[in-house]
Peer 1: 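What follows is a structure written as structure tokens; I'll ask about it next.
Please read all numbers here as calculations on a predicted model, not as lab measurements.
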Amino acid sequence: MKAFTKTKRENGISRAIIFALAIFVQLLWILGFLLFLSRYFPYVSVVASVIALIVALGLFGKDMNSAFKLSWMILILAFPLFGLMLYFLTGHSRIDRRQIRRFNVVGERIRALAMQEISDVDYGDMDLSIVNQSKYISNVAQYKAHLGSDVKYFPDAAECFRSMLKDIREAKKFIFMEYHAIENCAYFAELADVLEEKSKNGVEVRIIYDDLGSLFFINKKFAATMQKRGMACRIFNPIMPTINVLMNNRDHRKITVIDGTISYTGGFNLADEYFNLVSPYGHWKDTGVRIEGPASINLTTIFLEMWNQIEASDSEDQIKQFLRASIKAQSSDKTSLVQPFGDTPLDTENVGENIYLNIISAAKKYLYISTPYLIIDDELASALKLAARRGVDVRVMIPEIPDKKLVYKSTKSYATLLAKNGVKIYKYTPGFNHAKQVVCDDEIACCGTVNFDYRSLYFHFENGVIFTNPEAVMDMRKDFESVFEQSEDATESLKNRLSFNTVIYDTVLRIISPLF
């Protein structure tokens, strides 16, 4: 196994250092400001306490997740001056109301165009819980269901990438790619060469990447370089060296669309560690799915939303042309449901979480979950505990080797809570489990980018796909069973984390976990 080395991330290191230094200087300024205010402590304390109470009452009345309310209210009331400064710096989205309106208008316009192109599905005698789940996504998230699309499940990210590269080589019209992180190293270098060749042959190539997600991987010249090589490239939410960037809404999606007829999604980014070319955290477990058929229009829609939200450039006719490329694509599977979906933090609907809640609530026999991070709110925790208590075999796969130590400690805290209530917790002992997926009762599966954590469920732009294709569902189940065999059943050891210090520590972690 090749060891991870610093040279693998040289591309963006200088920008990361400048960013870190800027944040450090601002932290010093804040510390100095607090020391200055300490001279007038009695007066400042009274004023800060009054403002803290007003802000806390305002938070209580907000239509937001109760865990966020509780965390901020405790912090603000316990440490008024520090809590208020932190809240006003990091407690809000950097995207202002005007941008939110623009994003929502663009998204709704493109989704409406897509909905016009798609016929309603005849669900027939499909299981009612699946029908209701599908109708929720269609009616609320506005991504319609499809019959007549094939799904292939890949238990290995590198295998999925090779399939994707093969399909890209055969592209005739357009290639859309939207990824949280891109690393200008071995895997992407091979991909970029193919994309450049396709561009020279008249295929339209578009790339979106998240600036913070790619901070350590690429430098500021990357987008310009891609443009020179014939690929249109846009950056989502370019970072600014200010403290509130820590709470930014990020584009966490992973999407590839080829000619509107074939699409891919899953947990992996376009960076070498996702394919185990480098191994900073042991073996990296990631998965993906290939969709062929009209369901690809949903991922085309999601990509076009983001592309035009960053910068409006496509006419209505252009958008319709891209969308209609999917309509004629049919596959051999005419009965299984396939429904890709997107989730945005700019509305009040938590689509990713609600899809998970619907699957959990409908589970009858078994429910297998894979997530790199387990930091959940009361609704998800209650649903999982209730499923286990009614006799469902509920299993959650988490990593053995963490990529973020503090986040992993929070994951163990929530895993302990679930283990004590009948949920089985497995640790992926070969390394880091990054797959984000659920399979239930041999009937339905979900694969995509949505982690079981606050960042994914509330702050990030995400995507995924639910599907009922029997072969793909069973392939995911078999992969879970194989991974369980390689992993440690940590349920009993977690149950025994009963010391007073552990209980207090876990409680504190669960209080502050929504803030990071």
Peer 1: I'd like to know if Lys254 and Glu178 make a salt bridge, using a cut-off of under 4.0 Å between side-chain N and carboxylate O.
Peer 2: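 No.
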Peer 1: For Ile182, which of Tyr209, Tyr187, Phe217 qualifies under side chain to side chain contact (heavy atoms under 4.5 Å, CB included)?
Peer 2: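 Going through the options one by one, the only one that passes is Tyr209.
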Peer 1: Please check if any side-chain donor atom of Tyr373 sits under 3.5 Å from a side-chain acceptor atom of Lys404, or the reverse.
Peer 2: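 Present: a donor and an acceptor within the cut-off.
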Peer 1: If we check side chain to side chain contact (heavy atoms under 4.5 Å, CB included) with Phe461, which of these qualifies: Asp210, Thr449, Thr344?
Peer 2: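 So, applying the side chain to side chain contact (heavy atoms under 4.5 Å, CB included) to Phe461 and each of Asp210, Thr449, Thr344, only Thr344 qualifies.
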Peer 1: So Cys447 and Val289, do their side chains get closer than 4.5 Å, heavy atoms only?
Peer 2: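 Counting from C-beta outward, Val289 and Cys447 do come under 4.5 Å.
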Peer 1: Between Arg229 and Asp193, does any side-chain N to carboxylate O distance fall below 4.0 Å?
Peer 2: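 Counted as a salt bridge, because a side-chain N and a carboxylate O are separated by less than 4.0 Å.
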Peer 1: I'd like to know if the side chain of Ser129 pairs up with that of Asn358 as donor and acceptor (distance under 3.5 Å, no hydrogens or angles considered).
Peer 2: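 On atom types as modelled, these side chains do not qualify, holding no pair under 3.5 Å.
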Peer 1: Would you call the rings of Phe188 and Phe222 parallel, tilted or perpendicular, where under 30° means parallel and over 60° means perpendicular?
Peer 2: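 It falls in the tilted class, 30° to 60°.
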Peer 1: So does Glu292 pair up with Arg290, basic N to acidic O under 4.0 Å?
Peer 2: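 Judged by the 4.0 Å cut-off on N to carboxylate O distance, Glu292 and Arg290 do form a salt bridge.
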Peer 1: Scan Phe268, Trp284, Phe432 and name whichever one has a ring pair (Phe, Tyr, Trp, His ring centres under 6.0 Å) with Tyr274.
Peer 2: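 For Tyr274, the ring pair (Phe, Tyr, Trp, His ring centres under 6.0 Å) test succeeds with only one of Phe268, Trp284, Phe432, which is Trp284.
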Peer 1: Examine the side chains of Thr301 and Tyr143 and answer whether a donor and an acceptor come within less than 3.5 Å of each other.
Peer 2: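 Side-chain D/A pair, Thr301 to Tyr143: absent.
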Peer 1: Give a yes or no on whether a salt bridge exists between Glu462 and Arg253, defined as a side-chain N under 4.0 angstrom from a carboxylate O.
Peer 2: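 Between Arg253 and Glu462 there is no salt bridge, as every charged N stays at least 4.0 Å from the carboxylate O atoms.
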Peer 1: With a distance cut-off below 6.0 Å to the six-membered ring centre and an angular limit of 45° from the axis, does Lys152 pair with Phe154 as a cation-pi contact?
Peer 2: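 Yes, Lys152 and Phe154 form such a contact.
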Peer 1: Thinking salt bridges, do Glu170 and Lys172 make one under a 4.0 Å N-O criterion?
Peer 2: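 Between Lys172 and Glu170 there is no salt bridge, as every charged N stays at least 4.0 Å from the carboxylate O atoms.
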Peer 1: In sequence, state the C-alpha distance, the side-chain angles, and the governing distance for Arg234 and Asp251, and then conclude on salt bridge (Lys or Arg N to Asp or Glu O under 4.0 Å).
Peer 2: CA-CA 12 Å; Arg234 291 184 180 173; Asp251 184 355; over 6 Å; no
Peer 1: Output, in order, the C-alpha distance, side-chain angles, deciding distance and verdict of side-chain contact (heavy atoms from CB on, under 4.5 Å) for Ile359 and Cys446.
Peer 2: CA-CA 9 Å; Ile359 294 175; Cys446 180; 4.1 Å; yes
Peer 1: Do the side-chain N and O atoms of Tyr264 and Asp167 include a donor-acceptor pair separated by under 3.5 angstrom?
Peer 2: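 A donor-acceptor contact under 3.5 Å links the two side chains.
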Peer 1: Using the benzene-type ring in the case of Trp, are the ring centres of Tyr454 and Phe459 under 6.0 Å apart?
Peer 2: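 Distance test on ring centres: not under 6.0 Å, no.
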Peer 1: Measure the acute angle between the ring planes of Phe275 and Phe161, then classify it against the limits of 30° and 60° as parallel, tilted or perpendicular.
Peer 2: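 Ring orientation, 0 to 90° scale: tilted.
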Peer 1: Any heavy-atom pair between the side chains of Ile466 and Val438 that's under 4.5 Å?
Peer 2: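 Sidechains of Ile466 and Val438: no contact.
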Peer 1: Just do the side-chain contact (heavy atoms from CB on, under 4.5 Å) check on Val257 and Ile175 with the steps written out, would you?
Peer 2: CA-CA 6 Å; Val257 180; Ile175 301 164; over 6 Å; no
Peer 1: Would you call Leu113 and Lys320 a side-chain contact if the rule is heavy atoms closer than 4.5 Å?
Peer 2: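 Sidechains of Lys320 and Leu113: in contact.
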Peer 1: Give a yes-or-no answer on whether the side chains of Gln339 and Asn298 include a donor-acceptor pair shorter than 3.5 Å.
Peer 2: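 No, no side-chain donor-acceptor contact under 3.5 Å.
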